[in-house]
Amino acid sequence: MKKVSVIGGGTMGNGIAHVFAMSGFEVTLVETKQEFLDKALNTIEKNLSRMVNKEKISESDKTETLNRIHSALDISEGVKDSDLVVEAIPENFALKKKAFEEIESAASSETIFASNTSSISITKLAAVTHRPEKFIGMHFFNPVPVMKLVEVINGLETSPETTKAVMDLAEKLGKVPVPANDSPGFVSNRVLMPMINEAIFCVYEGVAKPEDVDQVMKLGMAHPMGPLRLADFIGLDVCLDILNVLYDGFKDPKYRPCPLLVKMVNAGKLGNKTGEGFFKYD
Ligand code: 3HC
(Lines give C-alpha, C1' and ligand atoms only; values in the text may rest on other atoms or scores of the structure.)
Protein backbone atom coordinates (compact mmCIF):
# COMPACT_ATOMS: atom_id res chain seq x y z
CA MET A 1 0.00 0.00 0.00
CA LYS A 2 1.29 3.42 -0.95
CA LYS A 3 -1.68 5.74 -1.26
CA VAL A 4 -4.16 6.39 1.51
CA SER A 5 -7.24 8.61 1.61
CA VAL A 6 -8.49 9.95 4.91
CA ILE A 7 -12.10 11.11 4.89
CA GLY A 8 -12.65 13.83 7.49
CA GLY A 9 -10.01 16.18 8.90
CA GLY A 10 -11.32 16.58 12.45
CA THR A 11 -9.40 15.65 15.60
CA MET A 12 -8.98 12.00 14.59
CA GLY A 13 -8.77 12.49 10.81
CA ASN A 14 -5.96 15.05 10.91
CA GLY A 15 -4.03 12.85 13.34
CA ILE A 16 -4.49 9.81 11.08
CA ALA A 17 -3.32 11.78 8.00
CA HIS A 18 -0.34 13.02 10.07
CA VAL A 19 0.86 9.49 11.03
CA PHE A 20 0.40 8.00 7.55
CA ALA A 21 2.27 10.88 5.89
CA MET A 22 5.06 10.70 8.49
CA SER A 23 5.51 7.00 7.65
CA GLY A 24 6.02 7.75 3.94
CA PHE A 25 2.49 7.23 2.55
CA GLU A 26 0.97 9.63 0.01
CA VAL A 27 -2.15 10.90 1.76
CA THR A 28 -5.22 12.63 0.39
CA LEU A 29 -7.23 14.36 3.08
CA VAL A 30 -10.87 14.88 2.11
CA GLU A 31 -13.07 17.51 3.75
CA THR A 32 -16.36 19.15 2.82
CA LYS A 33 -15.19 22.79 3.01
CA GLN A 34 -11.91 24.62 2.35
CA GLU A 35 -11.98 26.17 5.85
CA PHE A 36 -12.10 22.65 7.42
CA LEU A 37 -9.19 21.53 5.23
CA ASP A 38 -7.18 24.64 6.19
CA LYS A 39 -7.88 24.01 9.89
CA ALA A 40 -6.83 20.33 9.60
CA LEU A 41 -3.61 21.19 7.72
CA ASN A 42 -2.80 23.92 10.27
CA THR A 43 -3.22 21.43 13.11
CA ILE A 44 -0.95 18.90 11.39
CA GLU A 45 1.65 21.63 10.80
CA LYS A 46 1.46 22.68 14.47
CA ASN A 47 1.79 19.09 15.74
CA LEU A 48 4.74 18.43 13.41
CA SER A 49 6.42 21.64 14.64
CA ARG A 50 5.93 20.40 18.21
CA MET A 51 7.80 17.23 17.20
CA VAL A 52 10.60 19.29 15.59
CA ASN A 53 10.91 21.39 18.77
CA LYS A 54 11.17 18.18 20.82
CA GLU A 55 13.87 16.98 18.36
CA LYS A 56 11.82 13.88 17.49
CA ILE A 57 11.93 14.74 13.77
CA SER A 58 13.98 17.21 11.69
CA GLU A 59 12.72 20.31 9.90
CA SER A 60 13.15 18.47 6.57
CA ASP A 61 11.12 15.48 7.86
CA LYS A 62 8.37 17.97 8.64
CA THR A 63 8.52 19.54 5.14
CA GLU A 64 8.55 16.13 3.42
CA THR A 65 5.61 14.94 5.56
CA LEU A 66 3.58 18.03 4.68
CA ASN A 67 4.46 17.58 0.97
CA ARG A 68 3.00 14.07 1.08
CA ILE A 69 -0.40 15.41 2.23
CA HIS A 70 -2.73 16.38 -0.62
CA SER A 71 -6.25 17.63 -0.21
CA ALA A 72 -9.63 17.24 -1.90
CA LEU A 73 -13.07 18.71 -1.37
CA ASP A 74 -14.83 15.87 -3.10
CA ILE A 75 -14.87 12.19 -2.07
CA SER A 76 -14.83 10.87 -5.68
CA GLU A 77 -11.76 12.98 -6.48
CA GLY A 78 -10.06 12.07 -3.18
CA VAL A 79 -10.31 8.27 -3.28
CA LYS A 80 -9.89 7.31 -6.91
CA ASP A 81 -6.26 6.03 -6.81
CA SER A 82 -6.14 4.90 -3.18
CA ASP A 83 -5.07 1.52 -1.82
CA LEU A 84 -6.79 2.24 1.48
CA VAL A 85 -9.56 4.62 2.53
CA VAL A 86 -9.84 5.49 6.22
CA GLU A 87 -13.15 7.11 7.15
CA ALA A 88 -13.05 9.46 10.16
CA ILE A 89 -16.24 11.51 9.90
CA PRO A 90 -18.72 12.15 12.77
CA GLU A 91 -20.31 9.18 14.57
CA ASN A 92 -23.56 9.12 12.66
CA PHE A 93 -24.58 5.99 10.76
CA ALA A 94 -26.55 7.88 8.07
CA LEU A 95 -23.57 10.16 7.34
CA LYS A 96 -21.14 7.23 7.21
CA LYS A 97 -23.50 5.22 4.98
CA LYS A 98 -23.69 8.11 2.50
CA ALA A 99 -19.90 8.56 2.59
CA PHE A 100 -19.20 4.85 1.96
CA GLU A 101 -21.68 4.77 -0.94
CA GLU A 102 -19.80 7.69 -2.54
CA ILE A 103 -16.43 6.15 -1.73
CA GLU A 104 -17.40 2.84 -3.31
CA SER A 105 -18.66 4.45 -6.50
CA ALA A 106 -15.21 6.04 -7.11
CA ALA A 107 -12.68 3.67 -5.52
CA SER A 108 -10.99 0.71 -7.23
CA SER A 109 -12.47 -2.71 -6.46
CA GLU A 110 -9.14 -3.62 -4.79
CA THR A 111 -9.23 -0.76 -2.27
CA ILE A 112 -9.58 -1.69 1.40
CA PHE A 113 -12.12 0.38 3.37
CA ALA A 114 -11.47 1.12 7.04
CA SER A 115 -13.61 3.01 9.51
CA ASN A 116 -12.21 4.78 12.56
CA THR A 117 -15.61 4.53 14.25
CA SER A 118 -15.47 4.29 18.02
CA SER A 119 -18.83 2.57 18.39
CA ILE A 120 -20.79 1.84 15.21
CA SER A 121 -20.87 -1.83 14.20
CA ILE A 122 -18.23 -2.66 11.57
CA THR A 123 -20.48 -5.45 10.24
CA LYS A 124 -23.34 -2.96 9.75
CA LEU A 125 -21.07 -0.42 8.02
CA ALA A 126 -19.53 -3.14 5.83
CA ALA A 127 -23.01 -4.19 4.70
CA VAL A 128 -23.45 -0.75 3.10
CA THR A 129 -20.74 -1.70 0.59
CA HIS A 130 -20.33 -4.57 -1.87
CA ARG A 131 -16.97 -5.54 -0.36
CA PRO A 132 -17.58 -6.63 3.26
CA GLU A 133 -14.50 -8.89 3.01
CA LYS A 134 -12.36 -5.78 2.37
CA PHE A 135 -13.95 -3.75 5.16
CA ILE A 136 -12.41 -3.37 8.62
CA GLY A 137 -12.30 -1.16 11.71
CA MET A 138 -9.09 0.79 12.27
CA HIS A 139 -9.68 2.50 15.61
CA PHE A 140 -7.03 5.10 16.46
CA PHE A 141 -6.72 6.94 19.79
CA ASN A 142 -6.46 10.63 20.56
CA PRO A 143 -3.87 12.21 20.26
CA VAL A 144 -3.18 9.96 17.27
CA PRO A 145 0.51 10.91 16.81
CA VAL A 146 1.18 9.93 20.44
CA MET A 147 -1.04 6.93 21.27
CA LYS A 148 0.47 3.58 20.30
CA LEU A 149 -2.70 1.53 19.96
CA VAL A 150 -4.68 0.74 16.81
CA GLU A 151 -7.64 -1.51 17.62
CA VAL A 152 -8.23 -3.57 14.47
CA ILE A 153 -11.87 -4.69 14.36
CA ASN A 154 -13.03 -7.57 12.20
CA GLY A 155 -16.58 -7.42 10.90
CA LEU A 156 -18.48 -10.65 10.38
CA GLU A 157 -17.17 -11.00 6.82
CA THR A 158 -13.76 -9.33 7.02
CA SER A 159 -11.29 -11.65 5.27
CA PRO A 160 -8.10 -12.86 6.99
CA GLU A 161 -6.11 -11.21 4.12
CA THR A 162 -7.65 -7.82 4.92
CA THR A 163 -6.94 -8.23 8.63
CA LYS A 164 -3.33 -9.18 7.95
CA ALA A 165 -2.83 -6.27 5.52
CA VAL A 166 -4.20 -3.77 8.05
CA MET A 167 -2.29 -5.25 11.03
CA ASP A 168 0.96 -5.04 8.99
CA LEU A 169 0.10 -1.52 7.92
CA ALA A 170 -0.49 -0.35 11.50
CA GLU A 171 2.97 -1.68 12.41
CA LYS A 172 4.46 0.32 9.54
CA LEU A 173 2.97 3.41 11.21
CA GLY A 174 4.94 2.54 14.36
CA LYS A 175 1.71 1.56 16.13
CA VAL A 176 0.78 -1.61 17.98
CA PRO A 177 -2.26 -3.24 16.36
CA VAL A 178 -4.55 -5.31 18.59
CA PRO A 179 -7.26 -7.42 16.94
CA ALA A 180 -10.84 -7.61 18.19
CA ASN A 181 -14.11 -8.94 16.82
CA ASP A 182 -17.06 -6.68 16.14
CA SER A 183 -19.08 -6.16 19.33
CA PRO A 184 -20.59 -3.03 20.92
CA GLY A 185 -17.76 -0.72 22.03
CA PHE A 186 -15.18 -3.29 20.81
CA VAL A 187 -12.71 -3.77 23.70
CA SER A 188 -11.47 -0.22 24.26
CA ASN A 189 -14.73 1.61 24.79
CA ARG A 190 -16.45 -1.34 26.49
CA VAL A 191 -13.84 -1.06 29.24
CA LEU A 192 -13.19 2.71 29.18
CA MET A 193 -16.73 4.11 29.05
CA PRO A 194 -18.13 2.31 32.14
CA MET A 195 -15.15 3.71 34.09
CA ILE A 196 -15.87 7.25 32.85
CA ASN A 197 -19.61 6.78 33.54
CA GLU A 198 -18.89 5.58 37.09
CA ALA A 199 -16.65 8.61 37.68
CA ILE A 200 -19.57 10.83 36.58
CA PHE A 201 -21.90 8.95 38.97
CA CYS A 202 -19.45 9.75 41.80
CA VAL A 203 -19.91 13.47 41.07
CA TYR A 204 -23.69 13.11 40.52
CA GLU A 205 -24.12 11.36 43.87
CA GLY A 206 -21.90 13.85 45.70
CA VAL A 207 -19.22 11.29 46.55
CA ALA A 208 -16.43 13.65 45.43
CA LYS A 209 -15.75 16.79 43.37
CA PRO A 210 -14.57 16.29 39.75
CA GLU A 211 -10.97 17.33 40.55
CA ASP A 212 -10.89 14.86 43.46
CA VAL A 213 -12.29 11.96 41.42
CA ASP A 214 -9.56 12.63 38.84
CA GLN A 215 -6.85 12.96 41.47
CA VAL A 216 -7.76 9.52 42.89
CA MET A 217 -7.36 7.86 39.50
CA LYS A 218 -4.18 9.80 38.59
CA LEU A 219 -2.32 9.29 41.85
CA GLY A 220 -3.81 5.97 42.91
CA MET A 221 -4.01 4.22 39.57
CA ALA A 222 -1.30 6.08 37.59
CA HIS A 223 -3.69 7.20 34.85
CA PRO A 224 -2.10 10.05 32.82
CA MET A 225 -5.40 11.95 32.93
CA GLY A 226 -8.29 11.51 35.34
CA PRO A 227 -11.47 9.99 33.84
CA LEU A 228 -13.41 13.28 33.89
CA ARG A 229 -10.67 15.27 32.15
CA LEU A 230 -10.40 12.40 29.67
CA ALA A 231 -14.17 12.53 29.12
CA ASP A 232 -13.87 16.27 28.37
CA PHE A 233 -10.94 15.52 26.01
CA ILE A 234 -12.92 12.82 24.14
CA GLY A 235 -16.10 14.95 24.11
CA LEU A 236 -19.05 14.37 26.44
CA ASP A 237 -21.37 13.93 23.45
CA VAL A 238 -19.09 11.19 22.09
CA CYS A 239 -19.02 9.48 25.52
CA LEU A 240 -22.83 9.60 25.69
CA ASP A 241 -23.18 8.20 22.15
CA ILE A 242 -20.84 5.31 22.98
CA LEU A 243 -22.63 4.54 26.27
CA ASN A 244 -25.93 4.47 24.38
CA VAL A 245 -24.44 2.03 21.86
CA LEU A 246 -23.32 -0.21 24.75
CA TYR A 247 -26.70 0.11 26.50
CA ASP A 248 -28.70 -0.62 23.33
CA GLY A 249 -26.29 -3.32 22.16
CA PHE A 250 -26.20 -5.38 25.36
CA LYS A 251 -29.60 -4.38 26.84
CA ASP A 252 -27.79 -4.39 30.18
CA PRO A 253 -28.56 -1.61 32.73
CA LYS A 254 -24.93 -1.53 33.84
CA TYR A 255 -24.23 0.66 30.76
CA ARG A 256 -27.01 3.24 31.43
CA PRO A 257 -25.55 6.73 31.00
CA CYS A 258 -25.43 8.82 34.16
CA PRO A 259 -28.23 11.47 34.15
CA LEU A 260 -25.58 14.14 34.83
CA LEU A 261 -23.81 13.25 31.56
CA VAL A 262 -27.11 13.50 29.65
CA LYS A 263 -27.84 16.87 31.28
CA MET A 264 -24.40 18.27 30.44
CA VAL A 265 -24.70 17.22 26.81
CA ASN A 266 -28.18 18.76 26.63
CA ALA A 267 -26.71 21.99 28.06
CA GLY A 268 -24.04 22.04 25.33
CA LYS A 269 -21.21 21.50 27.82
CA LEU A 270 -19.28 19.01 25.71
CA GLY A 271 -15.76 19.38 27.15
CA ASN A 272 -12.64 20.87 25.55
CA LYS A 273 -14.33 21.60 22.22
CA THR A 274 -16.96 23.91 23.75
CA GLY A 275 -14.66 25.36 26.43
CA GLU A 276 -16.50 23.67 29.31
CA GLY A 277 -17.31 20.18 30.53
CA PHE A 278 -16.37 18.91 33.97
CA PHE A 279 -13.59 21.52 33.80
CA LYS A 280 -13.18 24.90 32.04
CA TYR A 281 -10.80 25.42 29.08
CA ASP A 282 -9.43 28.51 27.33
N1 3HC B 1 0.85 15.56 18.29
C2 3HC B 1 2.13 15.25 18.51
N3 3HC B 1 2.66 15.13 19.78
C4 3HC B 1 1.84 15.39 20.81
C5 3HC B 1 0.47 15.73 20.65
C6 3HC B 1 -0.01 15.80 19.31
N7 3HC B 1 -1.29 16.10 19.05
N8 3HC B 1 -0.08 15.89 21.88
C9 3HC B 1 0.88 15.67 22.79
N10 3HC B 1 2.04 15.35 22.15
C11 3HC B 1 3.31 14.96 22.77
C12 3HC B 1 3.98 16.10 23.48
O13 3HC B 1 4.81 16.83 22.61
C14 3HC B 1 4.78 15.37 24.55
O15 3HC B 1 5.99 14.87 23.97
P16 3HC B 1 7.28 14.50 24.92
O17 3HC B 1 6.90 13.25 25.69
O18 3HC B 1 8.38 14.25 23.94
O19 3HC B 1 7.49 15.67 25.81
C20 3HC B 1 3.89 14.19 24.91
O21 3HC B 1 3.00 14.01 23.79
C22 3HC B 1 3.10 14.46 26.14
O23 3HC B 1 2.39 15.70 25.95
P24 3HC B 1 2.39 16.92 26.99
O25 3HC B 1 3.70 16.99 27.71
O26 3HC B 1 1.90 18.12 26.26
O27 3HC B 1 1.23 16.57 27.99
P28 3HC B 1 1.02 15.31 28.89
O29 3HC B 1 2.27 14.72 29.41
O30 3HC B 1 -0.04 15.76 29.85
O31 3HC B 1 0.35 14.24 27.89
C32 3HC B 1 -1.41 13.20 26.76
C33 3HC B 1 -0.78 14.53 27.12
C34 3HC B 1 -0.50 12.42 25.81
C35 3HC B 1 -2.71 13.54 26.04
C36 3HC B 1 -1.63 12.38 28.09
O37 3HC B 1 -2.32 13.14 29.03
C38 3HC B 1 -2.41 11.09 27.86
O39 3HC B 1 -1.89 10.08 27.44
N40 3HC B 1 -3.73 11.17 28.15
C41 3HC B 1 -4.64 10.03 27.94
C42 3HC B 1 -5.08 10.05 26.50
C43 3HC B 1 -6.02 8.94 26.22
O44 3HC B 1 -6.41 8.13 27.05
N45 3HC B 1 -6.44 8.89 24.95
C46 3HC B 1 -7.41 7.92 24.50
C47 3HC B 1 -8.76 8.57 24.43
S48 3HC B 1 -9.99 7.41 23.98
C49 3HC B 1 -10.03 7.50 22.31
O50 3HC B 1 -9.36 8.28 21.66
C51 3HC B 1 -10.96 6.50 21.64
C52 3HC B 1 -12.28 7.05 21.29
O53 3HC B 1 -13.00 6.02 20.65
C54 3HC B 1 -13.11 7.56 22.45
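Computed over heavy atoms, backbone and side chain alike; hydrogens, waters and symmetry mates excluded. All residue numbers in this chain count up from 1 along the given sequence. Counting convention: from 1, in listed order, for ligands and their atoms alike.
- Annotation: the span from Met22 atom CE to Met51 atom CE amounts to 4.0 Å, rounded to 0.5 Å.
- The nearest protein atom to atom 11 (C) of ligand 1, hydrogens excluded, is given as Val146 CG2, 3.7 Å; this is a heavy-atom distance.
- Here the CZ atom belonging to Phe100 is positioned 8.0 Å from the CD1 atom belonging to Ile7, to the nearest 0.5 angstrom.
- Looking at atom 37 (O) of ligand 1, its nearest protein heavy atom turns out to be Met225 CG, 3.7 Å.
- Atom 23 (O) of ligand 1 has Arg50 NH1, 4.7 Å as its closest protein atom, hydrogens excluded (heavy atom only).
- Within the 4.0 Å cut-off (strictly below), no protein heavy atom is located near atom 29 (O) of ligand 1.
- The presence of a protein heavy atom under 4.0 Å from atom 21 (O) of ligand 1 is confirmed.
- Among all non-hydrogen protein atoms, the one lying nearest atom 52 (C) of ligand 1 is His139 NE2, 3.7 Å.
- At a heavy-atom cutoff of 4.0 Å, ligand 1 is contacted by both the backbone and the side chain of Asn142.
- Ionic pairing of Lys134 and Glu161 is not present here: no N-O contact between side-chain nitrogen and carboxylate oxygen is shorter than 4.0 angstrom.
- Distance check on atom 46 (C) of ligand 1: some protein heavy atom falls below the 4.0 Å cut-off.
- Nearest heavy-atom pair across Ala114 and Met138 is CB-CB, 3.9 Å.
- Under the 30°/60° scheme for interplanar angles, the aromatic rings of Phe201 and Tyr204 are found to stand perpendicular.
- Distance check, rounded to the nearest 0.5 Å: CD of Glu171 to OG of Ser23 gives 12.0 Å.
- Annotation: the span from Ser82 atom OG to Ile112 atom CD1 amounts to 12.0 Å, rounded to 0.5 Å.
- Ranking protein heavy atoms by distance to atom 48 (S) of ligand 1, first place goes to Ile234 CD1, 3.7 Å.
- Taking atom 6 (C) of ligand 1 as the reference point, the nearest protein heavy-atom neighbour is Asn47 OD1, 3.5 Å.
- In this structure, Lys56 has a heavy atom closer than 4.0 Å to ligand 1.
- Distances from atom 39 (O) of ligand 1 to the heavy atoms of Gly226, Gly185, Pro224, Ser188 show the closest one on Pro224.
- Nearest to atom 44 (O) of ligand 1 among the protein's heavy atoms is Leu230 CD1, 3.5 Å.
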Can you list the steps and then say if Lys3 with Glu26 is a salt bridge (Lys or Arg N to Asp or Glu O under 4.0 Å)? CA-CA 5 Å; Lys3 290 188 174 179; Glu26 291 295 324; over 6 Å; no
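- Only the side chain of Asn189 comes within 4.0 Å of ligand 1, counting heavy atoms alone; its backbone N, CA, C and O stay farther away.
- Atoms NE2 and CD, from His130 and Glu104 in turn, are 6.0 Å apart once rounded to the nearest 0.5 Å.
- Protein heavy atom closest to atom 25 (O) of ligand 1, with residue, atom name and distance, is Lys54 NZ, 4.4 Å.
- The closest approach between a heavy atom of His223 and any atom of ligand 1 is not below 4.0 Å.
- At a threshold of 4.5 Å between non-hydrogen side-chain atoms, the residues Val262 and Leu240 count as touching.
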